[in-house]
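Worksheet: the structure to be examined is printed underneath.
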Amino acid sequence: MSSSPDESAFVRACRGLDVPHTPVWFMRQAGRSLPEYRKIREGVGMLESCRRPELVTEITLQPVRRHGVDAAILFSDIVVPLAAAGVDLDIVAGTGPVVAQPVRTADAVDRLRVITADDVDFVARAVRLLVAELGDTPLIGFAGAPFTLASYLIEGGPSRTYARTKAMMYGDPELWHRLLSRLAEITLNFLRVQVSNGASAVQLFDSWAGALSEADYRRYVLPHSTAVLSGLAGAGVPRIHFGVGTAMLLGAMGEAGADVVGVDWRTPLDRAVAAVDGRAVQGNLDPAALFAPWPVVAQETQRVLAEGRAARGHVFNLGHGVLPDTDPDVLTRLVELVHRDSETGAAAGVVSSGAHTRHPGGRGGA
C-alpha cells in the first residue's frame, strides 16, 4: 500500500521505479460507459459539467470506486481552456467541439488571450476537492496539445482531412507559429493550475498529431509541445504525452519532454520501446478488444503486459479511450487481471526481453 500518491504504483511506474504490480487506468474511464455517469449528467451540458467542481469530483471518482484503477483523471474537456480564453464554442453531442467563429486570421489569433488561474478557478477547486477525496490514489491532470487545439479552432470542429489546418501551416507559417505559441501558453497555464492544486501527473493529448508526417511534426508542432512539457519540468510530476496514429512520431513526442509516451493500439509496446529512448510507455490494448469474449480479452491483455516488460516502466491502458458501449464489468475484470497477472509474473521470476532485468511492473534495470 502506498502512503502517498507519489509512492503509488502509477507514479513509480511513470518514473521507471520498482512497483508491486503494473498500474492501470483508462482514458475516458469516466464517461458514457458508466450508467452512473449518464444519470448524473442528465440535462447538464458538457461544458457546464466541466465547470461545476462538485460534479467534476463525483464523475472523476466514479471509475475509481467501480473499477479500482490505479489513478484518476480529471473529468474535463480539451476545449475548456479555449472557452476560458474567450472562444465562442460548444460541445455538441454526437459531433464534438464546434467553434462559432473559426480562427483563421491574424486578428482572430490576437483576440485569443492567455488564460490566468482566475479564468479556470473552477478547475482549481475541483482538483483540491479530488485530492482530498482520493487520498493515496494519484490524480492525473490533462490538457489538449497545441496542434490538436489549433485543428479545432481553424477547422471550426472535428475534421477528417485537416485541410484548413494544414493550409495555414504550410501557407502562412508565421501566423501558424503565432497561433501555436499562444495555445502553448494557454495549455501550460491550464496544466500549472492543476499541478499547483495537487495533480500528481499530467497527460498532454495530441489526439490528431497522427495526421502529420514526422518532418512536419518536428517543424511545425514539436517546438510548441516542448514549450508546454518543458514548462512543467520543475513541477516534480510525471508528464505523459499521447496521440493517435503516431507510430512514426513516438520518438519526437518523447523528445518534447515526456517522461511517459502513450502508445495507441497499432504499435506493439516492445517495438515502441526502441523509439522512445528509455522512457516509460503507456498502453495499449485495442479498445474494441473489450467487446470480444473474455478469454480473448485476457489473452490480449497478457500480450500487452508481456510486451510492456521491455520498457523502463509500463502503465497499462487502452490504445485510445473507452468506447461508449463498453461493458463496465469487463473493465473491472480487466483491472483485476492486470493486477493479478503482473503480481504473478513478479512472483514467478519472469524475465523481460532484451537486456532488461525482471521487474514486476515492466521496468528493466540498466
Side-chain angles (χ1 to χ4, degrees), residues 14 27 78 142-152 154-155 158-171 173 176-177 179-180 183-184 187 203-230 238-289 300 303-304 306-321 353-354 362:
C14 289
M27 290 179 280
I78 63 171
F142 88 97
F147 173 77
T148 292
L149 295 179
S151 73
Y152 281 115
I154 297 168
E155 302 289 342
S159 174
R160 292 176 181 264
T161 64
Y162 307 96
R164 291 182 180 274
T165 303
K166 292 184 178 183
M168 181 190 291
M169 187 177 76
Y170 293 131
W176 170 263
H177 285 296
L179 172 59
L180 264 72
L183 291 172
T187 299
Q203 176 157 308
L204 187 67
F205 285 83
D206 212 349
S207 306
W208 312 134
L212 300 172
S213 69
E214 182 179 359
D216 285 344
Y217 178 86
R218 288 185 176 277
R219 180 178 180 182
Y220 296 109
V221 177
L222 180 58
H224 306 289
S225 294
T226 300
V228 176
L229 292 170
S230 64
R239 298 157 294 172
I240 309 168
H241 201 7
F242 173 76
V244 181
T246 53
M248 298 302 296
L249 306 179
L250 293 175
M253 292 178 74
E255 291 170 24
D259 302 297
V260 184
V261 177
V263 184
D264 79 5
W265 69 94
R266 298 171 178 87
T267 306
L269 288 183
D270 51 1
R271 193 175 303 171
V273 166
V276 300
D277 193 27
R279 294 175 174 83
V281 295
Q282 180 175 277
N284 68 342
L285 182 68
D286 188 334
E300 288 298 295
R303 175 186 60 79
V304 171
E307 292 171 355
R309 293 190 186 106
R312 179 170 179 261
H314 178 209
V315 176
F316 191 98
N317 208 308
L318 303 181
H320 198 194
S353 62

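Please read these numbers as outputs of a predicted model, since none were measured by experiment.
Between Thr165 and Ser159 the shortest side-chain heavy-atom distance does not fall below 4.5 Å. Using a 4.5 Å heavy-atom cutoff, the side chains of Val221 and Leu249 are not in contact. Using a 4.5 Å heavy-atom threshold, the side chains of Asp286 and Glu300 count as separate. The closest side-chain heavy-atom distance from Phe316 to Leu285 is below 4.5 Å. Inter-residue side-chain proximity for Met253 and Phe242 is flagged as unmet; no heavy-atom pair is nearer than 4.5 Å. Between Lys166 and Leu212, the closest side-chain pair of non-hydrogen atoms falls below 4.5 Å. Looking at heavy atoms from C-beta onward, His320 lies in side-chain contact with Trp265 at the 4.5 angstrom threshold. Looking only at side-chain heavy atoms (C-beta outward), Leu179 and Met168 come within less than 4.5 Å of each other.
In this structure a side-chain-to-backbone donor-acceptor pair under 3.5 Å is missing from Asn284 to Gly262. Distance alone, capped at 3.5 Å, places no donor-acceptor pair between the Trp208 side chain and the Ser151 backbone. Using a distance-only test at 3.5 Å, with no hydrogens or angles considered, a donor-acceptor pair links the side chain of Asp264 to the main chain of Gly245. Under a 3.5 Å cut-off, the side chain of His314 and the backbone N or O of Gly283 do form a donor-acceptor pair. Side chain of Arg266 to backbone of Ala247: no donor-acceptor contact under 3.5 angstrom is found.
Heavy-atom contacts from other residues, nucleotides or ligands closer than 6.0 Å to CZ of Arg303 number more than 12.
Taking the six-membered ring where tryptophan is involved, the planes of Phe205 and Phe142 are perpendicular, since the angle between them exceeds 60° and thus also 30°.
Applying the side-chain hydrogen bond (donor to acceptor under 3.5 Å, both in side chains) rule to pairs touching residues 251-262 yields Arg218-Glu255, Arg239-Asp259, sequence neighbours excluded.
Shown are Asp270, Leu269, Val263; of these, the side-chain contact (heavy atoms from CB on, under 4.5 Å) with Val304 is made only by Leu269.
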(request) Please test Tyr170 against Asp216 for side-chain contact (heavy atoms from CB on, under 4.5 Å), starting from the C-alpha separation and ending with a verdict. (result) CA-CA 9 Å; Tyr170 293 131; Asp216 285 344; 2.4 Å; yes
(request) Could you check Tyr162 against Glu155 for side-chain contact (heavy atoms from CB on, under 4.5 Å), going step by step and ending with a plain yes or no? (result) CA-CA 7 Å; Tyr162 307 96; Glu155 302 289 342; 4.1 Å; yes
